Each structure stands twice: as structure tokens, then as C-alpha cells.
Amino acid sequence: MAQRIKITEILRTEPLGEDILVKGWVKAFRNNQFIALNDGSSAFNLQVVVDHENTDPALLKRITFGAAIGVHGTLVESQGKGQKFELKAAEITIYGDCNPEEFPLQPKKQTLEFLREHAHLRFRTNTFAAVFRIRHVLSYAIHKFFNDRGFVNLHSPIITGSDAEGAGEMFRVTTLDLDKLPRTEDGAIDTSKDFFGKSTNLTVSGQLEAELAATALGEVYTFGPTFRAENSNTTRHLAEFWMIEPEVAFADLNDNMNLAEAMLQYVIKYALDHCAEDLRILEERLLEEEKSKPQDQRSEMALTEKLRFVVQNEFQRLTYTEAIDILKNSNPNKKGKFQYTIDAWGADLQSEHERYLVEKHFKKPVILTDYPAAIKAFYMRLNEDGNTVRAMDILFPGIGEIVGGSQREERYEVLLQKMQAMHIPEEELYWYLDTRRFGSCPHAGFGLGFERLVLFVTGMTNIRDVIPFPRYPGSAEF
RNA sequence: GCCUCCUUAGCUCAGUUGGUUAGAGCGGCGGACUGUUAAUCCGUAGGUCAAAGGUUCAAGUCCUUUAGGAGGCGCCA
């Protein structure tokens with residue numbers, strides 16, 4: 001018997017007249033005669049033609065939506081109009097039956113909310129298969145981008161002994177018996193009895209470790225899971241998400257912005273070049289979804305058009321101070337349309353302000369730089385003015401902040417002062433300070449939320465739909 | 001954590017100022033047809049209206065609480 005061939009391979013080589021073996025899942029069985037077969041290798045369904053008159057009726061009954069089957073036959077030119085070729089079945093094997101009375105999915109449009117509750121089965125839908133193939137391609141493109149530029153992929157720890165990473169609430173990691181916690185004499189939990197001999201948490205960022213490596217390897221990046229125990233209930237936050245954090249020695253903020261912009265454009269272009277069919281499916285899905293929305297809430301561009309626009313146009317760069325000026329003089333601010341009116345320098349920008357800049361004023365991705373020191377993290381390099389830091393946030397339409405980064409404070413004394421001012425315990429971070437004591441150098445880096453990138457590229461609107469099994473407050477299913 | 005909205009058949013929804021026996025499409029099942037493309041046609045089953053309590057002669061419809069879901073805000077990536 002012929003060796004199994006993937007459907008993508010059939011598309012590429014079109015082995016007409018050849019004996020082939022295909023295995024996959026039934027997407028539709030029409031007319032007791034036509035099987036739409038998908039094997040996950042692409043969005044394309046291969047049409048299988050069954051000689052129903054000479055096939056056991058009991059076998060035909062088992063060819064149902066969702067069943068896993070193998071088809072051995074000959075690839076021939078199609079007599080029908082919908083496809084170029086089709087597989088004339090000679091022998092059909094059922095690997096796994098799929099009882100349609102019990103299978104939760106149906107060959108029809110299902111809501112994303114319903115599918116989210118059946119996340120273990122949603123890979124079977126065209127939409128989610130497309131999303132997760134694109135997610136893979138983006139992941140690969142990121143590794144390729146950095147590898148081609150000589151970056152070292154650093155595996156920063158997932159369990160961290162430091163509770164001062166400064167990026168949010170942490171998940172405690174412990175093997176202590178919660179019903180019988182060991183106590184010290186003063187009644188506190190005796191963490192010296194814990195697995196690591198101290199209190200540990202899941203990481204909220206690999207940045208500090210990346211900085212250590214960058215001061216020797218030069219150019220590094222992390223790409224790993226990250227955990228935040230924040231009670232965030234939004235369409236763009238997860239408790240467990242994947243983050244990419246490059247760190248570059250001898251780079252300043254400008255180099256950092258150039259790197260981030262180049263990376264985003266590279267990986268989006270990579271998806272455009274390698275995921276055309278999946279992007280087409282998602283573009284149609286988005287168009288369909290937006291039909292039910294009022295005109296003014298629909299996207300101005302179709303999905304792939306939007307992606308091409310981002311690839312081809314430079315991001316708008318401006319300082320926080322310039323942004324405040326634009327916002328202060330904007331129509332919505334003067335007319336009191338913002339929930340939070342912009343009146344003074346120093347306030348943190350709310351998402352309504354970021355959205356205005358990106359979606360209304362510039363209509364393109366925006367890089368905001370040089371924020372007030374007071375609203376940013378301790379490790380960001382202080383500017384000469386003493387008020388602002390060399391920070392940058394990249395804002396994307398529909399997503400908001402997709403990248404947050406900065407040039408790091410490399411001056412030991414300045415860093416120490418800032419840590420003291422912000423009550424960061426220096427004895428906890430002695431190892432971080434050591435990089436500034438021994439051969440310190442200017443360096444910069446940023447964090448990219450991988451799921452936010454996948455959201456943007458796939459045109460999905462809820463971050464819980466671009467990670468296989470989302471974790472968020474009150475939910476850790478599967 | 002805060003605010004708003006939603007929960008009716010397997011799925012997506014309709015259900016009028018509270019008024020008899022709660023409807024449709026899709027899906028399922030049975031049959032017909034057999035070059036279909038969301039196949040088509042005929043027939044058929046399927047509901048404790050999220051749960052509990054209350055108002056009323058009468059509640060899917062009004063009120064309260066609880067649970068689940070969605071969206072927005074905050075925190076950020």
C-alpha cells in the first residue's frame with residue numbers, strides 16, 4: 001500500500017493519477033458521496049469521492065462529521081467546480097468513530113464563547129486550526145529573526161527566588177503542607193522548611209536574568225511562559241502568557257526601538273508570506289463578525305491589508321511630552337469626551353488616550369518614549385532632565401501596549417538611589433546590582449507579549465482565543 | 001477589584017403593555033435523491049425558560065439573591 005501523504009504535500013506536488021493514502025478528520029460528508037477531509041497540515045480540505053453504490057452501507061454510516069479516517073485511492077482531476085482535483089476512494093478505514101449525537105461540535109458556525117468552553121475540541125474548527133498554525137509560524141519567525149541576527153536564546157528560570165521583579169503580583173510556589181504550615185517562633189511561616197529553603201514564585205519576567213546574560217553574551221532573548229497573579233478581567237490579559245524579552249549590550253533607546261520595529265515588521269511579514277490561506281480564513285471570519293456591528297465600529301482595513309500597512313509604514317515615534325500636548329489639544333479632550341481629562345504633565349496615559357493616538361490621530365503603530373520617571377520601573381535609565389526615563393511603549397491599534405521596553409540604568413549609584421527611593425530591597429537584588437559594579441555597560445531591551453502579537457495578526461478580539469488553554473482569574477480548565 | 005449587559009431545544013436566536021398548549025433556523029434521528037461545495041426535499045423527536053426566593057388571579061416576561069458568561073475600566077505584556 002502507498003505511504004501516507006499530507007494534504008499540503010498533495011497541493012504542492014499534485015500527484016495526479018497516483019495511488020495515495022491520506023489520513024485525517026471528516027469535515028463534511030455530502031450526498032453520501034463527497035467527503036471533505038482535513039489532516040491539519042493546512043486549511044485546505046481534500047475532496048474524497050466515495051463509490052457509494054459499491055461501498056458497505058454500514059461503513060458509509062460511520063463517515064460522520066469529526067470521524068478520523070484513512071483513504072486509499074487515486075488522485076484525479078475533479079469533475080466538480082469547487083476544486084481542481086479529488087481523491088477517488090478505493091478503500092476507506094475508520095480509525096475513530098464520532099457519534100454525532102454526542103459530539104459537541106457541529107458543522108456550522110459556532111460562537112467563540114461556546115468553543116472557549118470546549119477548548120479541548122476547538123482545534124477541530126477552521127478558525128482555531130488557523131489561529132494555532134499562525135501562532136506556530138509567528139513563534140518560529142521570532143526565533144529565526146533573532147537567530148539570524150546572532151542573538152542567543154536564553155532560557156530564564158520559570159521558578160524564581162526573587163520576589164522583587166517588579167512586574168506584578170506573583171504565584172507562590174511551595175511544597176509546604178498548607179494544612180500544617182511550619183511556623184517560626186514569632187508565628188510567621190517558616191519558609192526555610194520549604195523545598196528551596198526559601199520563598200519562591202513563578203516568574204513575572206525574565207528581564208533581570210536576561211540583563212545578566214547580555215552583559216557577557218552581548219545579545220540575548222528569552223521566549224517563555226510568564227505568570228501574573230493580577231485579577232485582570234479583560235480581553236488582553238492572561239494569568240499565564242508567553243513573553244519575548246531581548247536584551248542588547250551597548251544599545252541605547254534608539255537601537256531598542258529600531259530592533260522592536262524591525263522584529264514586529266519581520267514576523268508579521270513572515271506570517272503574510274507563509275500563512276496566506278489561514279489569514280484568508282480569519283479575514284473572512286472577521287468581516288462576517290463585523291457585519292453585525294455598526295459602521296463606525298468596523299475596522300477600516302481588512303485583516304491582511306492592515307498587516308501589510310504595518311509592514312510597509314514606519315511606526316510613529318514621539319515622546320510622552322509631545323503626546324500629552326497632542327492629547328491636551330485634541331477634540332475629545334476639549335469637549336470632555338475622555339473619561340479622564342488630560343490637564344497636566346505627569347499623569348499616566350489611560351487606554352482611551354492611547355487608543356486616540358493610535359486609532360484616530362496617527363492611524364498607525366505608535367512608539368511613545370521618555371515617560372515621567374515616577375510612573376515607570378526602577379531599572380529604566382534616567383534622562384539628563386532628571387524627570388523622565390528612557391522608556392518606550394509600542395502601541396498597536398486594537399491591542400494597545402504590545403511592547404514595553406527601555407534603556408536600562410547602567411550607572412550603579414543612580415540605580416541604587418532609585419531602588420532606595422522606590423523601596424526595592426537591594427539585598428534581594430545584589431546579583432542584579434553586581435552587573436553595574438563589574439564591567440557595567442549601556443544596554444537596552446524590551447518585552448513583547450506574544451499573545452498580543454498573535455491577536456493582532458489573526459484579527460481575533462479576545463486573548464483567550466489565541467492561546468490553546470487560557471488561564472485567567474477563576475479559570476484553569478484542561 | 002469596579003461598572004454595564006446577557007443566560008429560552010444540542011447550537012444560534014425570536015417570544016408584543018405580565019394572559020390559554022413557549023416558536024424558528026441549523027444540528028440530530030428516519031426516509032427520498034445521488035457530482036455535492038453551508039447539498040436539496042419530506043417526516044420526526046427534542047424545553048424544570050440558569051438556580052432559589054418573592055410580587056401577582058396569572059411570570060419566560062416584574063423584583064431580590066446566587067451561579068455562569070460577555071464587554072468596558074484599572075493593573076500591564
Side-chain angles (χ1 to χ4, degrees), chain A residues 27-36 45-53 60-61 64-66 76 78-83 86 88 98-118 126 165-169 204-207 222-245 260 288 292-293 297 338-340 348-355 375-377 393-396 399-405 446-456 461-467 472-475:
Chain A
K27 303 295 272 191
F29 188 31
R30 285 182 287 268
N31 230 343
N32 224 8
Q33 194 176 181
F34 303 101
I35 302 170
N45 294 335
L46 179 67
Q47 170 149 292
V48 174
V49 185
V50 183
D51 179 6
H52 61 284
E53 280 167 352
L60 290 177
K61 270 225 140 347
T64 57
F65 178 65
V76 297
S78 179
Q79 295 172 40
K81 289 205 177 99
Q83 56 286 315
E86 61 197 16
K88 219 168 153 257
C98 190
N99 184 346
E101 280 184 275
E102 288 172 21
F103 191 42
L105 303 189
Q106 294 171 8
K108 60 172 282 195
K109 194 152 280 153
Q110 312 233 217
T111 59
L112 297 174
E113 290 81 9
F114 174 80
L115 293 168
R116 209 172 291 149
E117 287 174 11
H118 299 267
N126 295 337
E165 286 171 344
E169 291 296 312
V204 292
S205 164
Q207 179 199 314
T222 71
F223 189 160
T226 311
F227 308 86
R228 305 267 167 98
E230 306 281 352
N231 189 13
S232 294
N233 295 286
T234 80
T235 53
R236 22 173 231 292
H237 288 85
L238 290 165
E240 175 182 296
F241 63 101
W242 290 66
M243 192 152 62
I244 295 101
E245 294 178 291
E288 196 62 34
S292 59
K293 287 187 181 173
Q297 284 176 32
F338 284 141
Q339 199 185 335
Y340 298 90
D348 207 351
L349 299 181
Q350 308 294 313
S351 55
E352 59 180 343
H353 306 130
E354 297 180 347
R355 267 209 312 277
I375 59 172
K376 287 290 182 185
D393 283 358
I394 301 185
L395 312 176
F396 262 36
I399 310 288
E401 187 177 342
I402 195 167
V403 162
F446 61 86
L448 165 71
F450 185 53
E451 282 75 18
R452 290 190 180 173
L453 173 67
V454 182
L455 255 191
F456 183 75
T461 46
N462 190 321
I463 201 162
R464 297 167 187 181
D465 294 332
V466 298
I467 187 165
Y472 49 94
S475 181

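These figures come from a predicted structure and were not determined experimentally. So you know, we letter chains A, B, ... as the sequences are listed, proteins then strands, and number each from 1. Just so it is clear, the values below take in all heavy atoms, side chains as well, and ignore hydrogens, waters and symmetry mates.
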Whole-Å gap separating [atom2] ([N]) and [atom1] ([X]):
X         : N      : atom1 : atom2 : answer
Phe29(A)  : U40(B) : CZ    : P     : 16 Å
Glu117(A) : U12(B) : CD    : P     : 9 Å
Phe114(A) : U8(B)  : CZ    : P     : 12 Å

Below 3.5 Å, does any donor atom in the side chain of [X] face an acceptor in the base of [N], or the other way round?
X         : N      : answer
Glu101(A) : G28(B) : no
Gln83(A)  : U36(B) : yes
Arg30(A)  : A38(B) : no
Asn231(A) : G1(B)  : yes
Gln110(A) : G27(B) : no
Gln106(A) : G10(B) : yes
Ser232(A) : C76(B) : no

* Asked: Relative to the 5' end of RNA chain B, which residue comes earlier, Asn233(A) or Arg464(A), by the nucleotide with the nearest heavy atom?
  ->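 Checking each residue's closest nucleotide, the 5'-ward one belongs to Arg464(A).
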* Which residue, Ile402(A) or Gln47(A), contacts RNA chain B at a nucleotide closer to its 5' end, judged by nearest heavy atom? ->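 This one resolves to Gln47(A).
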Using the [atom1] atom as the point on both nucleotides, what is the distance between [M] and [N], in whole Å?
N      : M      : atom1 : answer
G25(B) : U66(B) : C1'   : 33 Å
U61(B) : A38(B) : C1'   : 35 Å
G60(B) : G18(B) : C1'   : 10 Å

* Shortest non-hydrogen contact from Arg236(A) to Ile399(A)? ->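 Result for this residue pair: CD-O, 3.2 Å.
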* If every non-hydrogen atom of Leu448(A) is compared with every non-hydrogen atom of Leu453(A), which pair is closest and at what distance? ->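 Taking Leu448(A) first and Leu453(A) second, the nearest heavy atoms are CD2-CD2, 4.2 Å.
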OP1 or OP2 of [N] versus the side-chain N and O atoms of [X]: is any pair under 4.0 Å?
X         : N      : result
Thr234(A) : C73(B) : no
Ser351(A) : C73(B) : yes
Asn31(A)  : U40(B) : no
Lys108(A) : C13(B) : no
Arg355(A) : G72(B) : no

* From CA spacing to verdict: ring pair (Phe, Tyr, Trp, His ring centres under 6.0 Å), His353(A), Phe338(A) -> CA-CA 8 Å; His353(A) 306 130; Phe338(A) 284 141; 4.7 Å; yes
* For the side chain of Thr64(A) and the backbone of Pro100(A), is there at least one donor-acceptor N/O pair under 3.5 Å apart? ->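 Looks like no, no N/O pair under 3.5 Å.
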Which part of the nucleic acid, if any, lies within contact of [X], taking any heavy atom under 4.0 Å across all strands shown: a base, the sugar-phosphate backbone alone, or nothing?
X         : answer
Leu238(A) : base
Glu113(A) : sugar-phosphate
Gly80(A)  : base

* Could you tell me whether the side-chain ring of Phe241(A) sits stacked on the base of A77(B), using a centroid cut-off under 5.5 Å and a plane angle under 30°? =>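 Taking the rule of under 5.5 Å and under 30°, the ring of Phe241(A) does stack on A77(B).
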* Do other residues, nucleotides or ligands put more than 12 heavy atoms under 6.0 Å from the NZ atom of Lys88(A)? ->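 No.
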* **Check: Arg30(A) and Gln47(A) side chains under 4.5 Å, non-hydrogen atoms** =>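 Gln47(A) reaches Arg30(A) side chain to side chain.
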* In dot-bracket, 5' to 3', how would RNA chain B read with Watson-Crick or G-U wobble pairs under 3.5 Å, [ ] for crossing ones and | for pairs to another strand? -> (((((((..((((.....[...)))).(((((.......))))).....(((((..]....))))))))))))....
* Does one side chain, of Ser205(A) or Glu245(A), offer a donor that lies under 3.5 Å from an acceptor on the other? ->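 Result is yes, a qualifying pair exists.
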